[in-house]
Engineer: 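Got a structure for you, questions after.
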Amino acid sequence: MPHLLPEHGPQRTIAASNFVYTVGSGLYLTAGVLYFTQAVHLPASQVGLGLGIAGVLSLAVGIGVGHLADRRGARGVYAATLVVQALATAGFMLADSFWPFVIAVCAATGAKGAGLAARSPIIRHHGGDRPQEFRAYLRAVTNIGISIGAVLAGWVVQVGTHSAYQLMVVGNALAFAASALIVLRLRPVAPEKAAGGPRWIALRDRPYLALTVLDGVMAIQFKVLTVAVPLWLIAATEAPHWLISGTMLLNTVLVVTCQMRASRSIDTPAAGALAYRRSGFAFLLACVLISLTQDIPGWAAATLLLAGVAVHTIGELWHAAAGFEVSFALAPERATGQYLGVFGLGAGLAEAAGPALIIFLCITWGRPGWYVMGALFALTGLAAPLAVRWAGRHRPTEYPEREDKEAQPKATA
């Protein structure tokens, strides 16, 4: 199991900020929807609609904020996104009807997406020779933090009072604010000088956009464990319901203990391409195993389900490592924030469209839908090496530096 924090230096500060942030995220991911339905008493249909609106509106935010982080300095921009997320989360306390809820959740979701893009230049600057490996380390820390947040949220759900839910919201907002304060301990990351040529080069980079789409399709796999497996277990199997928590625990333990190890050997775009291919076939095998849990005894269903989740998690480790590698390696250093903002669009689309697709195929259609879902992952994995090679042949031209008023600090009076 990785150390929770590096021994010293900027990486320790980044990891500490990430840990505090993800404890707050774990609170919201576990019980955020329940806060609005149980404490605020909004209809579930309105909550779903509001979250969908927020997801769509937040898709493009990361590109613009990532570009701003490249030009203005990533530390300040990233800290600002955390402050906005803290304030928006605190605003949940005032969201007592549909439109205030939509405004608050749009601000929080947009700030979250923007923060992921703004953090990328920081990771590249302080991540050493292998920022992709440091990103994998942060993913392990993320799973620890979310697990702790989920345990705390479990207490809130068990108590179930309005005060308990409000305490959860306050704790969530404080975690984001504390994360921002920790980030400000870093030395500022100097903004990159603008280069000549097109300003929005990431949006003109067709190979990178193709990779973004493929990674987005593959990212639907994250919804298999959080959406498909719980619904399938309850509706179609004889496995005990407590196994829902067991599958998430198994996934978390494997990610925390194995993500860095899985990422060490994926150190070139070519290795990332092969990892995409392996992950696609792992997801296909996992979908087949999970589908076979229907109409068999409970103990057999539980065994197959845990095996399927383990295989799926192995694919998840490869997929995450592949995404870390190709997204950084194929992005020009001058435009890291902008490129990683574009790459985040794929995950955003998966977040918005994935649950509906998963439910239609795996739950409504049933066993054949699991096979279709697995085949989609496998085909995406086969296509990824072609896109990686295309992107490698058409790396963006490094234009000469140019003076850009946007990149210069404003004179003080």
Side-chain angles (χ1 to χ4, degrees), residues 2-32 35 54 58 61-62 65-66 68-69 72-93 104-127 131 134-153 156 167-189 252 255-256 336-337 340-341 344 347:
H3 296 294
L4 186 59
L5 296 175
E7 291 184 2
H8 54 76
Q11 289 190 3
R12 182 184 181 92
T13 301
I14 296 168
S17 173
N18 185 75
F19 174 71
V20 173
Y21 176 88
T22 53
V23 171
S25 295
L27 283 167
Y28 179 74
L29 287 173
T30 305
Y35 168 75
S58 69
V61 175
V65 174
L68 185 65
R72 294 289 188 181
R75 188 199 67 165
V77 174
Y78 179 47
T81 67
L82 294 173
V83 171
V84 171
Q85 199 170 353
L87 293 173
T89 302
F92 291 169
M93 303 277 286
V105 80
C106 281
T109 305
K112 177 183 177 181
L116 292 174
R119 190 181 66 163
S120 299
I122 296 176
I123 293 175
R124 176 162 240 167
H125 182 79
H126 294 297
F134 180 54
R135 178 65 186 85
Y137 169 83
L138 290 178
R139 183 165 191 262
V141 173
T142 293
N143 276 265
I144 297 173
I146 287 178
S147 298
I148 294 173
V151 171
L152 296 174
V156 171
L167 182 62
M168 178 194 74
V169 172
V170 171
N172 195 355
L174 288 176
F176 295 157
S179 180
L181 290 175
I182 296 171
V183 165
L184 290 174
R185 295 179 58 193
L186 291 169
R187 291 182 178 179
V189 177
T252 299
V255 170
V256 169
T336 298
L340 271 293

Engineer: Identify the two heavy atoms, one from Pro10 and one from His126, that lie closest to each other, and give their separation to 0.1 Å.
Structural biologist: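 Shortest heavy-atom contact: CB-ND1, 3.4 Å.
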Engineer: Between Gln11 and Tyr137, is the side chain to side chain contact (heavy atoms under 4.5 Å, CB included) condition met? List the steps.
Structural biologist: CA-CA 10 Å; Gln11 289 190 3; Tyr137 169 83; over 6 Å; no
Engineer: For Asn172 and Ser25, work out which heavy atoms get closest and say how close.
Structural biologist: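 Scanning both residues, the minimum pair turns out to be OD1-N, 4.2 Å.
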Engineer: Using every non-hydrogen atom in the two residues, find where Val65 and Ala118 come nearest and quote the distance to one decimal.
Structural biologist: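 Shortest heavy-atom contact: CG1-CB, 4.2 Å.
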Engineer: For Ala104 and Ala88, work out which heavy atoms get closest and say how close.
Structural biologist: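 Closest approach of Ala104 to Ala88: O-CB, 3.7 Å.
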Engineer: Report the distance from atom CZ of Arg12 to atom CZ of Arg185, rounding to the nearest 0.5 Å.
Structural biologist: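 Here the rounded value is 8.5 Å.
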Engineer: Could you please spell out the steps behind the side chain to side chain contact (heavy atoms under 4.5 Å, CB included) verdict for Tyr21 and Lys112?
Structural biologist: CA-CA 11 Å; Tyr21 176 88; Lys112 177 183 177 181; 3.6 Å; yes
Engineer: Mind checking the CZ-CZ spacing from Arg135 to Arg124? Nearest 0.5 Å is all I need.
Structural biologist: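 One finds 14.0 Å between CZ of Arg135 and CZ of Arg124.
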Engineer: Quick check: closest heavy atoms across Ala90 and Ala173, and the distance to 0.1 Å?
Structural biologist: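 In this case the closest contact between Ala90 and Ala173 is N-CB, 3.9 Å.
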Engineer: Measuring from atom OG of Ser179 to atom CD1 of Ile14, what distance do you get when rounded to the nearest 0.5 angstrom?
Structural biologist: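 The OG atom of Ser179 sits 11.0 Å away from the CD1 atom of Ile14.
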Engineer: Less than 4.5 Å apart, side chain to side chain, heavy atoms only: is that true for Phe19 and Thr142?
Structural biologist: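 A side-chain contact under 4.5 Å is absent here.
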Engineer: May I ask you to decide if Cys106's main-chain N or O and Thr109's side chain share a donor-acceptor pair within less than 3.5 Å?
Structural biologist: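 It does not hold such a pair.
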Engineer: What distance do Leu138 atom CG and Asn18 atom CG have between them, rounded to the nearest 0.5 Å?
Structural biologist: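 Nearest 0.5 Å value for the CG-CG distance: 5.0 Å.
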Engineer: Could you tell me whether the side chain of Arg75 and the main chain of Leu184 form a donor-acceptor pair under 3.5 Å?
Structural biologist: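 At least one qualifying donor-acceptor pair exists.
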Engineer: Search all heavy atoms of Val169 against all heavy atoms of Thr89 and return the closest pair with its distance.
Structural biologist: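 Taking Val169 first and Thr89 second, the nearest heavy atoms are CG1-O, 3.3 Å.
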Engineer: Would the distance check show the side chain of Tyr35 and the main-chain N or O of Phe92 forming a donor-acceptor pair, the cut-off being under 3.5 Å?
Structural biologist: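 Looks like yes, one N/O pair under 3.5 Å.
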Engineer: Applying side chain to side chain contact (heavy atoms under 4.5 Å, CB included) to Val83 and Phe176, what does each step give before you reach the verdict?
Structural biologist: CA-CA 7 Å; Val83 171; Phe176 295 157; over 6 Å; no
Engineer: Roughly how far, to the nearest 0.5 Å, is CG of Leu116 from OG1 of Thr81?
Structural biologist: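 So the gap between those two atoms works out to 8.5 Å.
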Engineer: Report the C-alpha distance between Ile182 and Thr13 in whole Å, list the side-chain angles of each, state the deciding distance to 0.1 Å, and finish with yes or no for side chain to side chain contact (heavy atoms under 4.5 Å, CB included).
Structural biologist: CA-CA 7 Å; Ile182 296 171; Thr13 301; 3.8 Å; yes
Engineer: Atom CG in Leu82, atom OG in Ser17: separation rounded to 0.5 Å?
Structural biologist: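 So the CG of Leu82 and the OG of Ser17 are separated by 6.0 Å.
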